[in-house]
Amino acid sequence: MKKQFLNIILLFAFVCCQDNVKFNNPSFQGMKDNVFWRAVDSKATLAANGSLSIEGFTRNETLTLKTTSTKPGNYFLGTYALNSATYVLTDSSGTITFYAGLITGEGQLVITEYDAVNKTVSGTFKFNAVNTSSNPLAGPNLNFQYGIFYKVPVL
């Protein structure tokens, strides 16, 4: 009787144990004003001039990061017009836009890997963007920290 009981316990142990691994690949996320933010969809677009645009989307938000190149390296915001970050929130009160680019805002985009074979891009970002809309419900600035984009597909 003890053998059968042990066999049943072992059977349940092997049947019940399984790996529930969930991959977050691709990923586009960060801390928006100290609150975790994650895009539900993301894509990157390579322009004819070699510049790169990386976009992350939620139901009513779009975050766009632009760099002058796909080469791994640091791209600083606030110093050059083609390196920028734009956050757009659209809701019932209208559209709110925050921008960090030439002379406006500050920040940094870092491309850590551009995979031309698999057509993906990975890196990090952080920035302070300025409210460019006239909506009084939004604050004057938006802060993104600890931003990561990982294996975002390049179209």
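Below, all heavy atoms of this structure are taken into account, side chains as well, without hydrogens, waters or symmetry copies. It should be emphasised that the depicted structure is a prediction, and the values quoted were computed from it without experimental measurement.
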Asn143 side chain vs Asn34 backbone, donor-acceptor pair below 3.5 Å:
no
Reported CG-to-CG distance for the pair Asn141 and Asn131, which is rounded to 0.5 angstrom:
8.5 Å
Any pair counted as ring-ring contact (aromatic ring centres under 6.0 Å, His included), so long as it reaches residues 106-139, sequence neighbours left out:
Phe28-Phe125, Phe125-Phe144, Phe127-Phe144
Examine distances only and state if a side-chain atom of Thr112 and a backbone atom of Ser122 form a donor-acceptor pair shorter than 3.5 Å.
yes
In short, ring-ring contact (aromatic ring centres under 6.0 Å, His included) pairs touching residues 43-63 with sequence neighbours left out are none
Side-chain donor-acceptor pairs of residues 94-105 under 3.5 Å, sequence neighbours excluded:
none

Which pair of non-hydrogen atoms, one from Ser27 and one from Val152, has the smallest distance, and what is that distance?
O-CG2, 3.8 Å
Do any N or O atoms from the side chain of Asn128 and from the backbone of Glu106 form a donor-acceptor pair under 3.5 angstrom?
no
In terms of heavy-atom contacts, Thr64 and Ser53 come closest through CG2-OG, 3.6 Å
Is it the case that one hydrophobic cluster holds both Tyr146 and Phe36, taking links as side-chain heavy atoms less than 4.5 Å apart, direct or via other members?
yes
Return the CD to CG distance between Gln145 and Asp33, rounded to the nearest 0.5 Å.
9.0 Å
Is Leu46 linked to Phe149 within one hydrophobic cluster, defined over Ile, Leu, Val, Met, Phe, Trp and Tyr using a side-chain heavy-atom separation of less than 4.5 Å?
yes
Residues in salt bridge (Lys or Arg N to Asp or Glu O under 4.0 Å) contact with Glu55, at least two apart in sequence or another chain
Lys43
Is there a path from Trp37 to Leu89 through hydrophobic residues (I, L, V, M, F, W, Y) whose side chains come within less than 4.5 Å of each other?
yes
Checking Thr79 now: which residues fulfil side-chain contact (heavy atoms from CB on, under 4.5 Å) with it, not counting sequence neighbours?
Phe76
Side-chain contact test, heavy atoms from C-beta onward, threshold under 4.5 Å: evaluate it for Lys126 versus Thr124 and give yes or no.
no
Lys32: partners by salt bridge (Lys or Arg N to Asp or Glu O under 4.0 Å), with sequence neighbours left out:
Glu61
Does the side chain of Thr67 reach to within under 4.5 Å of the side chain of Leu82, using non-hydrogen atoms?
no
CG (Asn83) and CG (Leu52) are apart, to the nearest 0.5 Å, by 10.5 Å
Once rounded to the nearest 0.5 Å, what's the spacing between atom NZ of Lys119 and atom CG of Leu155?
9.0 Å
Identify the two heavy atoms, one from Ile111 and one from Val121, that lie closest to each other, and give their separation to 0.1 Å.
CG2-CG2, 4.1 Å
